[in-house]
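I have placed the structure first, in the form of structure tokens, so that the comments after it can refer back to it.
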Amino acid sequence: MRLISLSVVMALFAAPALAQELDCNNALTQSDMTQCAYQGWQYADGDLNATYRLAVSWAKETDASLPDDLKGAETALREGQRAWITVRDKTCELAGFVARGGSMEPSLVYACMEDLTRARSEELRSLTEMN
């Protein structure tokens, strides 16, 4: 019982520290920088997912307006996106080798993921704006 009580007390003291908002404009520790880079990538990934859904709608509309022998926009988009994810992941894995094994490696990978993901969102957005 004493062990459980000690754990509860420690958790209560840690709670205010966890409740503090991370200021990514002034991240000082590598841990904070990594967390900020991860958050940036997650935000970019959310935007990409929304943009991809729009691109799928565009591709379906495009296919609907074409004769059967010319359809394939949705398939090309889906296969292209799958291939792009593989290229992004491997490109960013490579970017991490600058600090391989060090505490900075994840930050480099996440920053790369964010940059490439934002660029892909823009590519898909421009595709859907062609019509």
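Under the 4.5 Å side-chain heavy-atom criterion for Ile, Leu, Val, Met, Phe, Trp and Tyr, L54 and L48 are members of distinct hydrophobic clusters. Criterion: ILVMFWY side-chain heavy atoms under 4.5 Å apart, direct or through other members. Under it, M113 and Y38 are part of a common hydrophobic cluster.
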Could you tabulate the donor-acceptor pairs under 3.5 Å formed by side-chain atoms of residues 70-84, not counting sequence neighbours?
from, atom 1, to, atom 2, distance (Å)
K71, NZ, D63, O, 2.5
K71, NZ, L66, O, 2.9
Q81, OE1, R120, NE, 2.8
Q81, OE1, R120, NH2, 2.9

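By the side-chain contact (heavy atoms from CB on, under 4.5 Å) test, T29 pairs with S31, D32, sequence neighbours left out. In this structure Q39 satisfies the side-chain contact (heavy atoms from CB on, under 4.5 Å) test together with L22, C24, Q35, sequence neighbours excluded. Residues satisfying the side chain to side chain donor-acceptor pair (under 3.5 Å) test with T34, not counting sequence neighbours, are Q30, S107. Residues meeting the side-chain contact (heavy atoms from CB on, under 4.5 Å) test with A44, sequence neighbours left out: E114, T117, R118.
Note that CG of D23 is 7.5 Å distant from SG of C36, once rounded to the nearest 0.5 Å. The line from OG of S65 to NZ of K60 is 14.5 Å long, rounded to the nearest 0.5 Å. Distance check, rounded to the nearest 0.5 Å: CG of L127 to OG1 of T51 gives 11.0 Å. In this structure, NZ in K90 is found 14.0 Å from CD1 in I85, a value given to the nearest 0.5 Å.
Counting only residues at least two apart or in different chains, salt bridge (charged side-chain N to carboxylate O under 4.0 Å, His left out) contacts with residues 98-109 comprise R100-E105.
In plain terms, the two heavy atoms of C92 and L116 that are nearest each other are SG-CD1, 3.7 Å. The shortest heavy-atom contact between L108 and A99 is CD1-CB, 3.8 Å.
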Verdict with reasoning, D47 to R125, per side-chain contact (heavy atoms from CB on, under 4.5 Å): CA-CA 10 Å; D47 180 52; R125 219 178 324 278; 2.9 Å; yes

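Between the N49 side chain and the D45 main chain, a donor and an acceptor come within less than 3.5 Å of each other.
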